[in-house]
Amino acid sequence: PSGFELKPHQAAAIIWGAKGGRRALFESFGLGKTVQQLLILWLILRALEKQGTPGNSSIVANIFPLRALIVAPLGVRQEFMRDAQRVGIELKFVRRIEECEETGIYLTNYETVRDGKLDPAQFVAASLDEASILSSFGGTKTFREFMRLFETVPYRFVATATPDPNEYIELLAYAAFLGIMDVSQAKTRFFKRDSVHADKLTLHPHKVKEFWFWCSTWG
């Protein structure tokens, strides 16, 4: 064999992610989130490219440039490059939109987006790798402000091995980023009120099962 092989859970996650359009990959280290993100974005771009051909109609394909963005810590840059080469996907690391073509998959780091050097709105799809790193950018407020930069991106994904269920506010931020549910709405639905510590959340005992079932529909 001269190609590559996907493990069953990887193939299932890729199909599920591409079909959902906005999904979170909460998977332990070593389960192949890198290649899953690459192939999910590749599938979305190919589908939109097909929709944009004569005889087909797609509002998304006609409005947005058919390019996708992966935002990741600099430390995993080579891992993405290696896996992209392994599955035959062309991937380019960029820091400015001028370095991008009208199509393709691009890789950048969190600081580039945070500092306003690269606008996520210029992409039709985006994936945040190891998104829990955002919690080190100044707490949950900065975390959610970063997420809002991606509001106009039609297809959005999150991939992290540490979604940190002990800090429920992070899970709610992911859900808001994906367009599943607003943070304040989720707080009201699932959690006890705490007027002193607004982001220190405690699940209602009768809502525990419902909350995790809800999480499993998008993550």
Side-chain angles (χ1 to χ4, degrees), residues 17 21-26 29 33-38 40-42 44-45 48 60 63-85 89-164 167-180 182-184 198-199 219:
R22 296 182 184 180
R23 293 290 182 261
L25 303 174
F26 296 145
F29 292 106
K33 295 186 296 297
T34 301
V35 74
Q36 290 173 49
Q37 291 173 82
L38 286 165
I40 287 172
L41 296 178
W42 183 86
I44 287 174
L45 292 184
L48 290 174
V60 172
I63 293 178
F64 287 85
L66 296 185
R67 56 188 172 218
L69 179 68
I70 297 172
V71 188
L74 277 177
V76 300
R77 174 178 171 178
Q78 293 307 317
E79 180 182 343
F80 269 97
M81 292 299 185
R82 184 181 64 247
D83 278 2
Q85 185 176 27
I89 290 176
E90 185 176 346
L91 180 66
K92 181 181 178 182
F93 183 83
V94 297
R95 293 184 187 274
R96 297 178 298 110
I97 194 65
E98 289 79 13
E99 299 175 55
C100 302
E101 303 292 337
E102 284 297 306
T103 60
I105 301 178
Y106 298 90
L107 176 68
T108 195
N109 61 306
Y110 279 95
E111 290 77 9
T112 295
V113 176
R114 180 195 64 184
D115 298 340
K117 298 177 182 177
L118 191 65
D119 182 8
Q122 299 297 315
F123 297 83
V124 73
S127 183
L128 306 185
D129 183 67
E130 299 304 337
S132 59
I133 194 175
L134 288 171
S135 61
S136 67
F137 279 0
T140 53
K141 181 180 179 181
T142 304
F143 188 101
R144 293 198 292 268
E145 286 175 351
F146 184 97
M147 295 294 195
R148 278 194 285 271
L149 294 173
F150 293 80
E151 279 184 339
T152 61
V153 180
Y155 302 98
R156 306 195 287 269
F157 302 90
V158 166
T160 177
T162 54
D164 202 355
E167 294 289 346
Y168 294 113
I169 194 66
E170 290 194 22
L171 288 173
L172 301 192
Y174 293 139
F177 166 72
L178 297 172
I180 307 297
D182 181 74
V183 171
S184 60
D199 285 339

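What you are looking at is a predicted structure, and each value in this text was computed from that prediction instead of being measured.
- Arg82 contributes no side-chain N or O that, together with a main-chain N or O of Arg77, makes up a donor-acceptor pair within less than 3.5 Å.
- At distances below 3.5 Å, at least one donor-acceptor pair connects side-chain atoms of Arg156 with backbone N or O atoms of Glu151.
- Here the side chain of Asp115 pairs no donor or acceptor atom with the backbone of Lys117 at under 3.5 angstrom.
- Looking at Val124 and Leu48, their side chains come closer than 4.5 Å, going by heavy atoms from C-beta outward.
- A donor-acceptor pair under 3.5 Å is formed between the side chain of Lys92 and the backbone N or O of Glu99.
- Nearest heavy atoms, Thr160 versus Glu130: OG1-OE1, 3.8 Å.
- Using modelled atom types, one side-chain atom of Tyr106 and one backbone atom of Glu101 make a donor-acceptor pair closer than 3.5 Å.
- In this structure, the side chains of Phe80 and Asp129 come closer than 4.5 Å at one or more pairs of heavy atoms.
- Arg67 has a carboxylate O that lies under 4.0 Å from a charged side-chain N of Glu102, or vice versa, which qualifies the two as a salt bridge.
- You'll find the side chain of Leu45 stays beyond 4.5 Å of the side chain of Thr103, heavy atoms only.
- Distance alone, capped at 3.5 Å, is enough to place a donor-acceptor pair between the Thr108 side chain and the Val94 backbone.
- Contact between Ile97 and Leu118 at its shortest, heavy atoms only, is N-CD1, 3.2 Å.
- Under a 3.5 Å cut-off, the side chain of Gln85 and the backbone N or O of Met81 do not form any donor-acceptor pair.
- Below 30°, between 30° and 60°, or above 60°: for Phe177 and Phe150 the angle between ring planes is above 60°, a perpendicular geometry.
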